[in-house]
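Okay, so here's the structure we're looking at.
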Amino acid sequence: MAAAVCAVAAITAGTVVLTGGSDGGPAPPGPSRADRAEQLAQRLDAERRAEQARETARRTEAAAALADALRAPGIAPVVRGGSVEVLFSDGLFSEGAELTATGAERLAVLGGRLAGRKVRVEIYGQTATVPGAPRSGGSVLSLWRALIAARELSAAGGKPLTAFTTASADQRDAPNESVAKNRTVTVVITPA
């Protein structure tokens, strides 16, 4: 009988501990299934945003290091997000699509500095807006300049031509005020 009384007392005490609040009243209800799902979603979203911020910082650091490595006389790399945009201080081409001696030299230097690097390279041929010519839409001449620049960068850097993407830039996006300086290309390099 004493054992039965002790067993009932132990069960009753356990029930009070399991269901009672700190003041002996009923325990507050736990979070609902929907609340737990919302908390999990918020935590995962915060983790995703933190990972994206780390990746953006990594890409920006890589682009800054690449810009420093590419900098040379007449070659002006500018970090734009996770990429480096390379502008040249002078026009690289004569009036058509013939490289000037300085233009060939600048592309050779840039190509040499790209050698062995894992990067994505986009080359945009530039032209100036001239009287009587279309003011937008790109041109065959600017595309041809991009292709010639790709050939020069390929030869100097030991990369296949397939490593380069070429396009005609829109005339409205000419990087310089001077017509002569706009006989050029803009090279956008993104570390892999």
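Here the structure is a predicted model, which is why all the values come from computation and not from measurement. Because only heavy atoms are used, hydrogens play no part in the values below, and waters and symmetry mates are left out as well, while side chains stay in.
Taking CD of Glu152 as the start and CG of Leu92 as the end, the distance is 10.0 Å to the nearest 0.5 Å. Rounding to the nearest 0.5 angstrom, the gap separating the CG atom in Asp90 from the OG1 atom in Thr100 is 8.0 Å. The structure places CG of Leu141 at 8.5 Å from CZ of Phe93, a figure rounded to the nearest 0.5 Å. Between the CG atom of Leu147 and the CG atom of Leu161 there is a distance of 8.5 Å, given to the nearest 0.5 Å. In this structure, the separation between CZ on Phe164 and CD1 on Ile189 is 9.0 Å, given to the nearest 0.5 Å. Atoms CZ and OG1, from Arg59 and Thr190 in turn, are 8.5 Å apart once rounded to the nearest 0.5 Å.
Put simply, the side chain of Thr56 gets close to the backbone of Gln52: a donor and an acceptor are under 3.5 Å apart. When atom types are taken as modelled, the side chain of Arg145 and the backbone of Gln126 share a donor-acceptor pair closer than 3.5 angstrom. Formation of a donor-acceptor pair under 3.5 Å by the Thr60 side chain with backbone atoms of Gly82 is not found in this model. A distance-only check finds no donor-acceptor pair linking the side chain of Arg120 to the backbone of Val188 [under 3.5 Å]. Distance alone, capped at 3.5 Å, is enough to place a donor-acceptor pair between the Arg36 side chain and the Pro31 backbone. The main-chain N or O of Gly111 is never found under 3.5 Å from a side-chain atom of Lys159 such that the two would form a donor-acceptor pair. Distance alone, capped at 3.5 Å, is enough to place a donor-acceptor pair between the Arg113 side chain and the Arg71 backbone. With Ser168 contributing its side chain and Ser142 its backbone, the two residues share no donor-acceptor pair below 3.5 Å.
Smallest separation of non-hydrogen atoms from Gly81 and Ala63: O-CB, 4.0 Å. For the residue pair Ser89 and Arg106, the shortest heavy atom distance occurs at OG-NH1, 3.7 Å. Summarising the geometry of Ala67 relative to Pro77, their closest heavy-atom pair is O-CG, 3.3 Å, with the distance given to 0.1 Å. Closest non-hydrogen pair, Val185 versus Gly125, comes out as CG1-CA, 4.0 Å. The shortest heavy-atom contact between Thr166 and Ala150 is CG2-CB, 3.8 Å.
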Leu114 vs Leu70, side chain to side chain contact (heavy atoms under 4.5 Å, CB included): CA-CA, chis, key distance, verdict
CA-CA 8 Å; Leu114 291 175; Leu70 298 177; 3.9 Å; yes
- Would you check, one step at a time, whether the test side chain to side chain contact (heavy atoms under 4.5 Å, CB included) holds for Glu51 with Glu47? CA-CA 6 Å; Glu51 180 58 33; Glu47 289 173 6; over 6 Å; no
For Arg48 and Asp45: C-alpha separation, side-chain torsions, deciding distance, then whether side chain to side chain contact (heavy atoms under 4.5 Å, CB included) applies. CA-CA 5 Å; Arg48 181 186 54 78; Asp45 186 50; 2.4 Å; yes
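Under the 4.5 Å side-chain heavy-atom criterion for Ile, Leu, Val, Met, Phe, Trp and Tyr, Tyr124 and Leu87 are members of distinct hydrophobic clusters. Using a 4.5 Å cut-off between side-chain heavy atoms of Ile, Leu, Val, Met, Phe, Trp and Tyr, with links allowed through other members, Val119 and Ile75 fall into the same hydrophobic cluster.
Contact annotation: the side chain of Ile148 approaches that of Arg151 to within less than 4.5 Å [non-hydrogen atoms, C-beta and beyond]. Proximity of Leu107 to Phe88: side-chain heavy atoms (C-beta onward) are separated by under 4.5 Å at one or more points.
When only modelled atom types and interatomic distance are considered, Gln39 and Arg43 share no side-chain donor-acceptor pair under 3.5 Å.
The residues Glu55 and Arg58 are annotated as salt-bridged, a charged nitrogen and a carboxylate oxygen being separated by less than 4.0 angstrom.
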